[in-house]
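First comes the structure, then the notes that go with it.
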Amino acid sequence: MKRIVLILAVILGNAAWADDPATMVITGQGRIAAEPDMAVITLGVVSHDEHAAEALADNSRQLSQVFEVLAAAGIESNDIQTTQFSIQPIWRNRSYDSSDPAEIESYSVENNVTVRVREIEALGDILDAVARAGANEFRGIQFTLQEPGPAEDAARQAAVADAQARADLIAGAAGVQILGILSITESGGMHNPGPEMMAVASRSVPVAGGEVGVSASITITYEIGNQ
């Protein structure tokens, strides 16, 4: 009796395994190049003084001037955000091989903000103006899209088409046929590829927006069978 039950279990197990479909997993890539229509810049003011209060006052005065320049350039207040603020002492005689006691020589105040510039054509003039107003630290520019949705959808369509083309090619080479799709997963995001720079006209600071690459990666699991 035990032997019959064991044989029956093996038969059922083999039948269940036989019902699992043969699959082929393909990942398609899609990339759309778009002209950026917004720049995000990080800039700030660093001030030094023997007294912390004086360093802070000087920093606040210069940054207020920067804010006035940004407002005059049409930058809305909701496009400006403080990202870093610090007051730090600058020490004298702080080396490990010195027997002299460490003393505070002065203070450094740093205040950084992130600014969204929605008119890239004005970016060069804005950089020049904020530098003249007192901004003395710049931590980079990122070019992006205000509305990335349409470009992302186009990248998804390109990735699906790429996956389908690869699946047809591989299935034909392997002598099998595609019976259907079992699952679809997605991953992707924005990236700046770097080459193919596009100059932006400016009367002051020259900048180049390049292009923004919107990429998508689509993985499709196909059910396959013999032809």
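- Rounding to the nearest 0.5 angstrom, the gap separating the CD atom in E223 from the CG atom in D20 is 10.5 Å.
- Two different hydrophobic clusters hold V46 and F67 under the rule that ILVMFWY side chains link at heavy-atom gaps under 4.5 Å.
- Between V25 and T219 there is a side-chain heavy-atom pair separated by less than 4.5 Å.
- Here the side chains of P36 and T144 are not in contact, with every heavy-atom distance at 4.5 Å or above.
- Nearest heavy-atom pair across V109 and A52 is CG2-O, 4.4 Å.
- The line from CD1 of I126 to CD of E121 is 10.5 Å long, rounded to the nearest 0.5 Å.
- Residues P148 and V214 form no side-chain contact, since every pair of their non-hydrogen atoms from C-beta on lies 4.5 Å or further apart.
- Taking every heavy atom of both residues into account, A167 and Y222 meet most closely at CB-CE1, 3.5 Å.
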Trace of the side-chain contact (heavy atoms from CB on, under 4.5 Å) decision for Q62 with S47: CA-CA 9 Å; Q62 293 187 67; S47 303; 3.7 Å; yes

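- Using a 4.5 Å heavy-atom cutoff, the side chains of V115 and V117 are in contact.
- Side-chain contact between T82 and N111: present, with at least one pair of heavy atoms (C-beta onward) separated by less than 4.5 Å.
- Atom CD of E152 sits about 9.5 Å away from atom OG of S215, to the nearest 0.5 Å.
- Counting only heavy atoms from C-beta outward, the side chains of I87 and S108 never approach each other to under 4.5 Å.
- Connection of L70 to F138 is established within a shared hydrophobic cluster, with ILVMFWY side chains joined at heavy-atom distances below 4.5 Å, either directly or through further cluster members.
- Taking all atoms of both residues into account, the shortest heavy-atom contact from A159 to A216 is CB-O, 3.7 Å.
- Of all non-hydrogen atoms in I32 and A151, the two that sit nearest each other are CG1-O, 3.9 Å.
- Between the side chain of N59 and the backbone N or O of V45 there is at least one donor-acceptor pair closer than 3.5 Å.
- Here the straight-line distance linking atom CD1 of I104 with atom CZ of R92 works out to 10.5 Å at 0.5 Å rounding.
- The structure places CZ of F143 at 5.5 Å from CG of L123, a figure rounded to the nearest 0.5 Å.
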Return all side-chain donor-acceptor pairs below 3.5 angstrom for residues 168-183, not counting sequence neighbours, or 'none' if the list is empty.
{"unit_1": "D168", "atom_1": "OD1", "unit_2": "Q164", "atom_2": "NE2", "d": "3.2"}
{"unit_1": "Q177", "atom_1": "NE2", "unit_2": "N226", "atom_2": "O", "d": "3.0"}
{"unit_1": "S183", "atom_1": "OG", "unit_2": "T221", "atom_2": "OG1", "d": "3.1"}

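- Between V40 and T114 the shortest side-chain heavy-atom distance falls below 4.5 Å.
- Counted within 6.0 Å of CD on E137, heavy atoms from surrounding residues, nucleotides or ligands total more than 12; the atom is thus considered enclosed.
- In this view, D58 and R61 satisfy the salt bridge (Lys or Arg N to Asp or Glu O under 4.0 Å) rule, not counting sequence neighbours.
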side-chain contact (heavy atoms from CB on, under 4.5 Å) assessment of V113 paired with F85: CA-CA 9 Å; V113 296; F85 175 80; over 6 Å; no

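- Between L43 and R139, the closest side-chain pair of non-hydrogen atoms is not below 4.5 Å.
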Check against salt bridge (charged side-chain N to carboxylate O under 4.0 Å, His left out), E211 and R31: CA-CA 12 Å; E211 63 179 19; R31 178 186 174 279; 2.8 Å; yes

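- Put simply, M24 and I184 are part of the same group of oily side chains (I, L, V, M, F, W, Y) that touch within less than 4.5 Å, one to the next.
- Nearest heavy-atom pair across A158 and G30 is CB-CA, 3.9 Å.
- Listed by chain and number, the residues in a side-chain contact (heavy atoms from CB on, under 4.5 Å) with D162 are Q29, R166 (sequence neighbours excluded).
- Looking only at distances, a side-chain donor or acceptor of Q146 sits under 3.5 Å from a matching main-chain atom of D37.
- Heavy-atom contacts from other residues, nucleotides or ligands closer than 6.0 Å to CD of E119 number 12 or fewer.
- Of the candidates V69, I80, V130, I75 forms a side-chain contact (heavy atoms from CB on, under 4.5 Å) with just one, namely I80.
- Each of M38 and I41 belongs to its own hydrophobic cluster when Ile, Leu, Val, Met, Phe, Trp and Tyr are linked at side-chain heavy-atom distances under 4.5 angstrom.
- Rounding to the nearest 0.5 Å gives a distance of 11.5 Å between CZ of R116 and CD of Q142.
- More than 12 heavy atoms of other residues, nucleotides or ligands shown are found within 6.0 angstrom of CD on E105.
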